[in-house]
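So the structure is just underneath, and the comments pick up after that.
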Amino acid sequence: MPMEKTFNAAEAEARISAKWEAIGAFRAGANASRDETFCIMIPPPNVTGSLHVGHAFNNTIQDILIRWKRMQGFDTLWQPGQDHAGIATQLVVERQMAAAGLPKRTDMGRPAFLEKVWEWKEESGGTIINQLKRLGASCDWDRNAFTMDAGFHDAVIKVFVEMYNKGQIYRGKRLVNWDPHFETAISDLEVENIEVAGHMWHFKYPLAGGETYEYVERDEDGNVTLRETRDYISIATTRPETMLGDGAVAVHPSDERYASIIGKLCEIPVGPKAQRRLIPIITDEYPDKNFGSGAVKITGAHDFNDYQVAKRNNIPMYSLMDTKGAMRADGRPYADEAATAQAIANGTESFDEAKIAAMNLVPEEYRGLDRFEARKRVIADITHEGLAVTKLVKSIDPETNSEHLQLIPVVEDKPIMQPFGDRSGVVIEPMLTDQWFVDTAKIVGPALDAVREGRTKIMPESGEKVYFHWLENIEPWCISRQLWWGHQIPVWFDEDGNQYCAPTEAEAQAMALGKQLTRDPDVLDTWFSSGLWPIGTLGWPSNTLELNKYFPTNTLVTGQDILFFWVARMMMMQLAVVGKEPFGTVYLHQLVRDEKGEKMSKTRGNVIDPLVIIDEYGADALRFTMAQMAALGGVLKLSEDRIKGYRNFGTKLWNSFSFAEHYEIKFEAENPRPTPTNTLNKWIIGETGKVLEEVDAALTTYRFNDAANALYAFVWGKVCDWFVEFSKPILQGDDAAAKAETEATLKWVLDQCLILLHPIMPFITEELWAMAPDRPKMLAHTDWPTYTAAELVDDAAMREMTWVIGLIDDIRSARAQMHVPAGLKVDLLMVGLDDTAKAAFAANETLIFRLARIETANTASEVPKGAITVAAEGAVFAIPLAGLIDVDEEKSRLSKALEKLEKDMGGLRGRLNNPKFVESAKPEVVEETREKLVLGEDEISKIKAALVRLAEVG
RNA sequence: GGGCGGUUAGCUCAGCGGUAGAGCACUACGUUGACAUCGUAGUGGCCACUGGUUCGAUCCCAGUACCGCCCA
């Protein structure tokens, strides 16, 4: 059956995948021929997820590494799995229930809802696995793990209990990102900061008791630009509704404008007149003197910066909102709450966290309002009262043409960074709530040491700086979520609020004899469980074979963006739990963007769907593109054109086999490397040795782009462009021995191409591999070569073929520039060949004849007039085309070449004439420079001679 | 505001002490017995700017400008 014209990826990929699966090609330890292990943990995709380009890139890189190591005979494991994605999954299932007309989650109750989630998981949770298989990912799919699996669950609970008992986990009140839609705390990763059009309002906070001060503003030189008496301090805010919870006004300690009023009280200009709260004016380093008025209101419970200021200065933090983001409607009447708050501000009443938390400082008229509605009302009320900062605006009445001067409130339009929940799309609220935290400060040390001391290496190295910077300033990690889907926190409370932490209710009950217990309803952050991914997937806490064998793992491949969220946490957790760093190397790859470098998003409509790409171009083209672009650092801009280009590369490879087929060259099950006598064959075998070394070196150092480029240049630029072309005259010729040897070489070289390309392009290579009957193993299990360039390179053959290729290039170039028709075979004259050139030419005459399109070659004593001259090492060649060539054109061609050479040689001469260069440069560099100069000057003299001859012609 | 990067051919990017590379795009020619998803030849760069170190800087150092990303 003759080969198809091109590789039919759509048809072949599924068939090949099935075959791999059938023989268990990717099982842990498959094809192992040595004891060393190599293990990669997949960054678990979200169980609700579907494959996007980021996954495709991430998994391509992992697959290249694992296939390479597997072929090398390592005992490999690529551990796959998914995480349970608390919010996302709950959202998906709730949506589905709503669509199906089922009762709401809250009506259904927790156990029934969880049952629904599991049903969903069984049905749809495997989507991404199948998509990863289409990419060719060679995970051990039988070991697919899930963070909610029973074993994994037990591990998570065990770790929580142990860390709780060691005091590394605690419950406390801190400011967290709160999603008012899902009514849960969320992680930083789930918050998207987006710049939106916002406003900055300016309000007057009157000084208590009508006090006044001299307000003076100066320019840079200290000249007074404004001086007035004020009875207020001007405050700018983008969130007026939070004024109700202000605890202080802060100014920078060096701000002279306000020096005289530090320590005084000012009034929050909102709420019932009778109970206006007075708050202190304090100093803190946080306010920026040059920003706004330089004075900042401090609302500790609703802003992350203010929170720090409030903590530093012991300012009460009043929570204003409920879990839905509406203004609180609980608590005592406002008048009472305000009175207490005032007493606290005056310092006459003490306070603690619980007392503050219980207080509701929202005036009755705002209670229950949505936060955005409350904002409008607050603004309107302040403005109405005349406490907004105003400016004079001149307007002209269009009817009467009279001028009006009007005072209007100052409202600046200002882009602001606003946090949005990535799933809910609503504005995230910093919220003071009771949550569970990992006291990261207690476990961060070993994670820092592991990288500092080189037990774990982060690539690129800049990642290490970021890692240190983040871990050295780490904040407590909020691990509780107000969700149902996830690992429920193993803590029970008695009626007095005492905590009992235990793996099971029975054990907790045993600790709380006779007490009525209630379990904490919250679940753990998904990242807490995926923080245990390396040991959890390997069966910890059981002392499994796999745990012993593959842990610590070798390489983690993940995006730069989750260095903190996941990598750092895995480092801390594994070290805290089992005392070992989870991986030897962390390879951080680029983020995938569209061709313009923009983030891909559905709203932008610039999403490249890897499955669509695979359908159209095949998985190999996508994979090769990604490998080729996987340089260290930066952003990967993916465009379809590139993918198309690398699909063409696959076709090129395909056609090289079709070439072999055309010449009826039959691949055997094994195609051993011949020991050739022919220079051509020696040469390509040497080149193969070189490319293997390049590929190994590149993969060892995670330079996937170098590996891909080296293979591209070898397969296309060496094998197809030269070796295959050179082999034609031999294959068509009569020399049976040469023919046999060249066939054997071709078979071996093409086999090597398949082997070396397989990690990057597994499908097409496996397909071509299978065209030989009875291969002992599938390509995925074929031994990766171990020859070295030193063994395979024959220096003399390399030199000779380089000379031949250079000569053909030069003749072709000269022909093309002189407009010699491509089809025209010309006569070649050889002048003054030295012995090496003579021998090289003679040995490769047929190749040169064919590729340079030469009819005859004869020696001549001199170059005739009116001939094209081609200078080569140890020879001058001429193509007599009397009458045919344009003398001027040949002159300009040669002059141009001469000019370039002169310039280059000038540089070399300059260097060599500089005694300091010869003294201080490395000897080999000096030697190399000398050699280049000799060769160049030789060529210069040949070209000059040719120009002289041309001058004689006219 | 703090941190981390980047600026090299029209585009996307490698290179990172010895005088600049790839792919794509572009131009011209071409159905040469594998391949038009191709072949052959070619065009294209004061390597952001300014200083410094060096015999020598795209590469190292310092500063400037602009652009990203992360954290506030």
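Throughout, a chain's letter reflects where its sequence line sits, starting with A, and its residues are numbered from 1. Fair warning: this is a prediction, and the values are worked out from it, not measured in the lab.
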Heteroatom pairs (N/O) under 3.5 angstrom, protein to nucleotides 43-46 of chain B:
unit_1 : atom_1 : unit_2   : atom_2 : d
B:U43  : OP1    : A:Lys896 : NZ     : 3.4

- A:Thr765 meets the side-chain hydrogen bond (donor to acceptor under 3.5 Å, both in side chains) criterion, sequence neighbours left out, with none

- Item | A:Glu687: salt bridge (charged side-chain N to carboxylate O under 4.0 Å, His left out) partners, not counting sequence neighbours | A:Lys690, A:Lys718

- Query: Which residues satisfy the salt bridge (charged side-chain N to carboxylate O under 4.0 Å, His left out) test with A:Glu285, sequence neighbours excluded?
  - Reply: none

- Message: I'd like the C1' distance from B:G21 over to B:G15, given in whole Å.
- Response: 7 Å

What does the list of N/O pairs under 3.5 Å between the protein and nucleotides 19-24 of chain B look like, with a distance for each?
unit_1 : atom_1 : unit_2   : atom_2 : d
B:U19  : OP2    : A:Lys932 : NZ     : 3.2
B:U19  : O4     : A:Arg911 : NE     : 2.7

- Message: Quiz question: going by heavy-atom distance under 3.5 Å, is there a donor-acceptor pair between the base of B:U40 and the side chain of A:Arg812?
- Response: no

- Please, what dot-bracket string fits RNA chain B when only Watson-Crick and G-U pairs with both distances under 3.5 Å count, crossing ones use [ ] and pairs to another strand use |? ((((((((.[[[[.)..(..]]]].(((((.......))))).....[[[[[..)....]]]]]))))))).

- Task: Hey, could you give me each pair passing salt bridge (charged side-chain N to carboxylate O under 4.0 Å, His left out) that has a residue in residues 893-907 of chain A? Not counting sequence neighbours.
- Result: A:Glu890-A:Arg893, A:Lys900-A:Asp904, A:Glu902-A:Lys944

Side-chain donor/acceptor pairs under 3.5 Å, residues 804-816 of chain A, sequence neighbours excluded:
unit_1   : atom_1 : unit_2   : atom_2 : d
A:Arg812 : NE     : A:Leu851 : O      : 3.1
A:Ser813 : OG     : A:Gln817 : NE2    : 2.9
A:Arg815 : NH1    : A:Leu824 : O      : 3.1
A:Arg815 : NH1    : A:Ala852 : O      : 3.1
A:Arg815 : NH1    : A:Arg853 : O      : 2.8
A:Arg815 : NH2    : A:Pro821 : O      : 3.0
A:Arg815 : NH2    : A:Ala822 : O      : 3.4
A:Arg815 : NH2    : A:Leu824 : O      : 2.7

- Does any donor-acceptor pair link the side chain of A:Lys465 with the base of B:C4 at a separation under 3.5 Å? no

- Item | Parallel, tilted or perpendicular: ring planes of A:Phe649 versus A:Trp716, cut at 30 and 60 degrees | parallel

- Message: Would you measure the distance from the C1' atom in B:U27 across to the matching atom in B:A9 and give it in whole Å?
- Response: 15 Å

- Query: Which salt bridge (charged side-chain N to carboxylate O under 4.0 Å, His left out) pairs, counting each pair once, include a residue from residues 297-311 of chain A, with sequence neighbours left out?
  - Reply: A:Asp246-A:Lys297

- Please state how far atom CD in A:Gln817 lies from atom C1' in B:G42, giving the value in whole angstrom units. 8 Å

- Taking only heavy atoms on the protein side, list every residue of residues 724-732 of chain A lying under 4.0 Å from any atom of RNA chain B, sorted numerically. A:Val724, A:Glu725, A:Lys728, A:Gln732

- Query: Which residue pairs pass the salt bridge (charged side-chain N to carboxylate O under 4.0 Å, His left out) test with at least one member in residues 913-927 of chain A, sequence neighbours excluded?
  - Reply: none

Protein-nucleic acid N or O pairs under 3.5 Å, nucleotides 58-63 of chain B:
none

